[in-house]
Asks: 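Supplied in structure tokens, the structure appears directly below.
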Amino acid sequence: MKAYILIDYSNDFIAEDGKLTCGLPGREIENNIAERIRTAHKDGDLIVFAMDYHRENEPDHPETKLFPPHNIEGTKGRELYGLPGEIYEEIKGERNVLWMDKRRYSSFCGTPLDLILREKGIDEVILMGVCTDICILHTGVDAYNLNYKITVYENCTASFNEEGHRFILSHLKNVIGADVIS
């Protein structure tokens, strides 16, 4: 069984005026992600909406030193962007749909994701979202270390750093054995 994990596809990461936007590359993958979510829903696969979660004024969070405030609880910036957000509103609450807050780059770090996947007999994760060279990378490495089969659709990931995006897709394929599909 498969789990489709949509990582950080929020207004702050995608919208033109987002606090930490990856810009046009993030918006260009919107329809591809929506199509994958619809297919996963139709097939009965697990769909995980893994969302970066921050509170206002977090001086002790390591990202505070690296990035401007983003994905703050209760703000529009933390809401799902575009079509994936609309689809989520239609399917939320269904048994194969999960919203999961995350506090670190990896969707596995400090979350119950691994336990949930194992309870459901899932052995393959499909990673989608942003940013390829940050949260997709860290989630992929953790999935590898937890022995999941990993698939990444190139047209469902993006970053504000095109060079980093390309490098990490190659890294995921050649170093951790992910199926990277063009």
Asks: Nearest 0.5 Å, please: how far is CG in Leu113 from CE in Met100?
Replies: 4.5 Å
Asks: Tell me the closest heavy-atom pair linking His165 and Ser159, and the distance in Å.
Replies: CB-CB, 4.1 Å
Asks: Under 3.5 Å, is there a donor-acceptor pair between the side chain of Thr139 and the main chain of Ile136?
Replies: no
Asks: Find out whether Val130 and Ile7 are in side-chain contact, i.e. whether some heavy atom of one side chain is under 4.5 Å from a heavy atom of the other.
Replies: no
Asks: Check whether any side-chain heavy atom of Phe160 sits under 4.5 Å from a side-chain heavy atom of Pro25, and report yes or no.
Replies: no
Asks: If you measure from CG on Leu127 to CD1 on Ile5, what distance do you get to the nearest 0.5 Å?
Replies: 5.5 Å
Asks: When you group the ILVMFWY residues by side-chain heavy-atom contacts below 4.5 Å and let the links chain together, are Val141 and Ile168 in the same group?
Replies: yes
Asks: Do Asn96 and Asp45 pass the side-chain contact (heavy atoms from CB on, under 4.5 Å) test, and can you show the C-alpha distance, the side-chain angles, and the key distance before you say yes or no?
Replies: CA-CA 7 Å; Asn96 66 328; Asp45 293 317; 5.8 Å; no
Asks: More than 12 heavy atoms of other residues, nucleotides or ligands under 6.0 Å from NZ of Lys149: is that the case?
Replies: yes
Asks: Do the charged groups of Arg166 and Glu154 touch, with an N to O distance under 4.0 Å?
Replies: yes
Asks: Is any side-chain N of the basic residue among Arg103 and Asp52 closer than 4.0 Å to the acidic one's carboxylate O?
Replies: no
Asks: If we only count heavy atoms from C-beta on, is the Thr21 to Phe13 side-chain gap below 4.5 Å?
Replies: no
Asks: Under 4.5 Å between any side-chain heavy atoms of Ile37 and Thr39, yes or no?
Replies: no
Asks: Side chains of Ser106 and His138: any donor to acceptor distance under 3.5 Å?
Replies: no
Asks: Check the pair Asp43 / Lys2 against salt bridge (Lys or Arg N to Asp or Glu O under 4.0 Å), numbers first and verdict last.
Replies: CA-CA 10 Å; Asp43 292 347; Lys2 302 178 208 173; 5.9 Å; no
Asks: Identify whether the distance between the nearest side-chain nitrogen and carboxylate oxygen of Arg27 and Glu30 falls below 4.0 Å.
Replies: no
Asks: Are more than 12 heavy atoms, taken from residues, nucleotides or ligands other than Glu73, located less than 6.0 Å from that residue's CD atom?
Replies: yes
Asks: Please answer: with hydrophobic residues joined when any side-chain heavy atoms are less than 4.5 Å apart, are Phe108 and Tyr53 in the same cluster?
Replies: no
Asks: Does the pair Leu115 and Arg118 meet the rule for a side-chain contact (heavy atoms from CB on, under 4.5 Å), with working shown?
Replies: CA-CA 5 Å; Leu115 178 63; Arg118 294 194 190 284; 5.7 Å; no
Asks: Tell me, do Tyr148 and Asp114 make a side-chain contact under 4.5 Å, heavy atoms counted?
Replies: yes
Asks: Please report the closest heavy-atom contact between Val180 and Leu169, naming both atoms and the distance.
Replies: CG2-O, 3.6 Å
Asks: Between atom CG of Asn11 and atom CD of Glu16, what is the distance when rounded to the nearest 0.5 Å?
Replies: 12.5 Å
Asks: Do Leu117 and Leu46 have side chains that approach each other closer than 4.5 Å (heavy atoms only, starting at C-beta)?
Replies: yes
Asks: Step by step, work out the side-chain contact (heavy atoms from CB on, under 4.5 Å) result for Cys109 and Lys102.
Replies: CA-CA 8 Å; Cys109 183; Lys102 65 185 192 67; over 6 Å; no
Asks: When rounded to the nearest 0.5 angstrom, what distance separates CD1 in Ile33 from SG in Cys156?
Replies: 5.5 Å
Asks: If only atom types and distance count, is the side chain of Thr151 paired as donor or acceptor with the main-chain N or O of Ile126 below 3.5 Å?
Replies: no
Asks: Do Thr157 side-chain atoms and Thr132 backbone N/O form a donor-acceptor pair below 3.5 Å?
Replies: no
Asks: Using a strict threshold of under 4.0 Å (side-chain N to carboxylate O), is an ion pair present between Lys76 and Asp17?
Replies: no
Asks: Would Glu35 and Arg38 count as a salt bridge (Lys or Arg N to Asp or Glu O under 4.0 Å) if you check the C-alpha gap in whole Å, the side-chain angles of each, and the deciding distance to 0.1 Å?
Replies: CA-CA 5 Å; Glu35 180 182 323; Arg38 285 186 181 113; over 6 Å; no
Asks: Is the Trp99 ring parallel, tilted or perpendicular to the Tyr88 ring (thresholds 30°, 60°)?
Replies: tilted
Asks: For Ser10 and Met51, which heavy atoms make the closest approach, and how far apart are they?
Replies: CB-SD, 3.6 Å
Asks: Among side-chain atoms of Glu63 and His70, is any donor-acceptor pair under 3.5 angstrom?
Replies: yes
Asks: Hydrophobic cluster membership, with links at side-chain heavy-atom distances under 4.5 Å among I/L/V/M/F/W/Y: are Met128 and Leu83 in one?
Replies: no
Asks: Can any side-chain N or O of Tyr9 pair as donor or acceptor with the backbone N or O of Gly26 at less than 3.5 Å?
Replies: yes
Asks: Any idea which heavy atoms bring Ser107 and Thr111 closest together, and the distance?
Replies: O-OG1, 2.6 Å
Asks: Any link between Val97 and Tyr81 through a network of hydrophobic side chains (Ile, Leu, Val, Met, Phe, Trp, Tyr) touching at under 4.5 Å?
Replies: yes
Asks: Show the nearest heavy-atom pair for residues Ile14 and Cys22, with the distance to one decimal.
Replies: CD1-SG, 4.0 Å
Asks: Is the charged tip of Arg36 near the ring of Tyr153: under 6.0 Å from the six-membered ring centre and within 45° of its axis?
Replies: yes
Asks: Do Leu80 and Phe49 pass the side-chain contact (heavy atoms from CB on, under 4.5 Å) test, and can you show the C-alpha distance, the side-chain angles, and the key distance before you say yes or no?
Replies: CA-CA 9 Å; Leu80 281 163; Phe49 294 85; 3.6 Å; yes
Asks: Going by the salt bridge (charged side-chain N to carboxylate O under 4.0 Å, His left out) test, name the single residue among Asp101, Asp8, Asp12 that passes it with Arg78.
Replies: Asp101
Asks: Side chains of Arg55 and Ile72, heavy atoms from C-beta outward: is any pair under 4.5 Å?
Replies: no
Asks: Restricting to non-hydrogen atoms, name the atom on Leu6 and the atom on Pro84 that form the minimum distance, rounded to 0.1 Å.
Replies: CD2-CB, 3.9 Å
Asks: Same cluster or not: are Val48 and Val152 linked, directly or through other Ile, Leu, Val, Met, Phe, Trp or Tyr residues, by side-chain heavy atoms under 4.5 angstrom apart?
Replies: yes
